[in-house]
Number of protein chains: 2
Amino acid sequence: MEITLPTAPTGANADQPAPGQSRYGWLAASLRARITQGEWVPGTALPAEALLAKEHGVALGTLRQALALLVADGLLERQHGRGTFVRAGLGGASMLRFFRFRHGGELQAAPRSRILTRQVLLASAEAAEALGLPAGASVLRLQRLRSLDGQPVLLEDITLPLPLFDPLSASDTAAWDDLLYPMYQRVCGVTIHRAEDCLSFGLLSADQAALLKLDAGHPCAQVQRRAFDMGGRCVELRSTLGDAFAFQYTAQVR
Amino acid sequence: MEITLPTAPTGANADQPAPGQSRYGWLAASLRARITQGEWVPGTALPAEALLAKEHGVALGTLRQALALLVADGLLERQHGRGTFVRAGLGGASMLRFFRFRHGGELQAAPRSRILTRQVLLASAEAAEALGLPAGASVLRLQRLRSLDGQPVLLEDITLPLPLFDPLSASDTAAWDDLLYPMYQRVCGVTIHRAEDCLSFGLLSADQAALLKLDAGHPCAQVQRRAFDMGGRCVELRSTLGDAFAFQYTAQVR
DNA sequence: CAGTGGTCTAGACCACCGC
DNA sequence: CGGTGGTCTAGACCACTGG
């Protein structure tokens, strides 16, 4: 679902919605800002409806409308009788949703990952544009191979904006987790909340084919991802290649 | 968005929601049934909120919750100051969303269509299952070639349940519209409201390649679609093949 | 202008959860 | 049991649309 939230309350904090701005829309933006800034960590519960409503001097129904926006946006999750919780980010195994790698027919656990290369370099014009970086900014570039049961299946090229992901440019890559998104959160405080995946088909280059143990020119599926944090900033560019014959994806139309 | 509506009111009509059933959920199901049965044709406006609320002896807010469900489901569309309208079904050009066929770089109009074959035959076990037909039921099978600017680009195989689509088994296929979904609506009274597309990759057979003017064994993208009417019944199975290198699709994650 | 949907209120009562 | 979110009410007022 596409949701455009009203602009967040400016600076310190305005205690009033802008004119022409609905109260619940403004409230949602306000709560979103507090979540993004870490006031409530993913997994924790917000104060009860009644409390929040009284705090903001607003009727229950109005507060509920604000929460509904954030729920629709995937930022919050409500549980009857328990509370309203900040959702955890994306798990990181989501790339498998595009492929049907199996082991004898059974569904597979998350693949093992190995970092092949790690470089610090200047962002290309396109990368800077997508990541919202100034011209000439540095990025961290990773090449990663993901294997299932010892067989290489996915080849990834990852670009990360650099002041933000500094902690990753020094640590020992051999000790990294198999899943990057939970590690982004733990090590860099970045929660991946949403992503856009662009799918297409191509042919493997000789280098790529060698790493995936396929023939050069073998058909491959490519997933180009832009991943966003809870504030809506793009914080990761990723290109993933895999055997086209293993590709499968289901989409809902309308 | 995935929404499970409560079961529709049984038979004639119960004037009360079942126990353990929310009033607005029941109301939504009731309105959905009236829309599906053609009481309000796509494009027409429903009675005003206040009227509907009074008719059903319910508060405004409750009625609005019911309408919100149907809006989220894509069945209704609300326009501030104008009214609440029944949405038209899918247009039928939706297959192009998976491919980037261009003519010199410009976006293209809907492709021209030609029916290659039309047969009435017994439904396979899988087709009968998917379409909710009894064993031994008949289906209409179409093979269709869609062309852009004279170039064949998509090859389709379409299966339709037969009592429902009888009007299509007799008429002259040369006079058919380029887009099938609007014709389903006009000729058979069937409104396509939603579809599930399963994407995969393969190689063209010699026959398929000849029709698409490509080489045998050329990589192709396949879209297997199940299309549903406003009542949620599956009423069309479709398999579409196109050049894999023209394929491109963008998906939202979370 | 009259009619439509959109926002907001201040309550009441219910259903679910965990202790 | 007390606390949570879920449902429902009966209003008031605003914002948009069209004649």
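Quick note on labels: first sequence line is chain A, next is B, and so on, each numbered from 1. Given the structure is predicted, the values throughout are model-derived calculations rather than measurements.
- The nearest whole Å value for the distance from the CZ atom in B/Phe85 to the P atom in D/dT17 is 12 Å.
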Anything under 3.5 Å between a donor and an acceptor, one on a side chain of residues 80-91 of chain A, the other on a protein residue two or more places apart or in another chain? List them.
unit_1, atom_1, unit_2, atom_2, d
A/Thr84, OG1, A/Arg78, NE, 3.3

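- Between atom SG of residue A/Cys234 and atom CZ of residue A/Arg194 there is a gap of 9.0 Å, rounded to the nearest 0.5 Å.
- In this structure A/Thr36 satisfies the side-chain contact (heavy atoms from CB on, under 4.5 Å) test together with A/Arg32, A/Met230, sequence neighbours excluded.
- In this structure, B/Leu46 places its CG atom 16 Å from C1' of C/dG3, rounding to the nearest Å.
- The side chain of A/Arg23 sits closest to C/dT9 out of C/dT9, C/dG5, D/dT9.
- Atoms CG (A/Leu69) and P (C/dG6) sit 14 Å apart, rounded to a whole Å.
- Rounded to an integer number of Å, the gap from CH2 of A/Trp26 to C1' of C/dC8 is 15 Å.
- B/Thr84 has no side-chain polar atom (N or O) that falls below the 4.0 Å cut-off from OP1 or OP2 of C/dT4.
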Kindly give the atom pairs (protein nitrogen or oxygen, nucleotide nitrogen or oxygen) under 3.5 Å for nucleotides 11-18 of chain C.
unit_1, atom_1, unit_2, atom_2, d
C/dA15, N3, A/His80, NE2, 2.9

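- Between the NZ atom of B/Lys54 and the P atom of D/dT9 there is a distance of 15 Å, given to the nearest Å.
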Show every donor-acceptor pair shorter than 3.5 Å between a side-chain atom in residues 58-66 of chain A and any protein atom, with sequence neighbours excluded, or say none if there are none.
unit_1, atom_1, unit_2, atom_2, d
A/Arg64, NH1, A/Glu49, OE2, 2.3

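- In this entry the distance linking CD of B/Glu49 with C1' of C/dG3 reads 11 Å, nearest Å.
- Fit an axis to the five pairs at each end of the helix from C/dC1-D/dG18 to C/dG18-D/dC1 and the two axes sit 20° apart, to the nearest 10 degrees.
- Phosphate proximity of C/dC8 to A/Tyr24: absent, as no side-chain N or O sits under 4.0 Å from OP1 or OP2.
- Contacts of A/Asp166 classified as salt bridge (charged side-chain N to carboxylate O under 4.0 Å, His left out), with partners at least two apart in sequence or in another chain: none.
- A search for side-chain contact (heavy atoms from CB on, under 4.5 Å) contacts involving A/Pro111 returns A/Leu96, A/Arg146, A/Leu148, not counting sequence neighbours.
- Applying the side chain to side chain donor-acceptor pair (under 3.5 Å) rule to A/Arg254 yields no partners; only residues at least two apart in sequence or on another chain are considered.
- In this structure, the CG atom of B/Leu52 is 14 Å from the C1' atom of C/dG3, given to the nearest Å.
- Checking A/Pro47 against B/Thr62, the closest nucleotide of DNA chain D that is more toward the 5' end is the one next to A/Pro47.
- Contact check, B/Ser22 against D/dG6: no side-chain N or O comes under 4.0 Å of OP1 or OP2.
- A/Phe247 and B/Phe247 have perpendicular rings, their planes meeting at more than 60° on a 0 to 90° scale where under 30° would count as parallel.
- Note on residues 175-198 of chain B: pairs passing ring-ring contact (aromatic ring centres under 6.0 Å, His included), not counting sequence neighbours, are B/Phe165-B/Tyr184, B/Tyr181-B/Tyr184.
- Remark: B/Arg78 is not in phosphate contact with C/dT4, judged by side-chain N or O atoms under 4.0 Å from OP1 or OP2.
- C/dT9 atom P lies 13 Å from atom NE2 of A/His56, rounded to whole Å.
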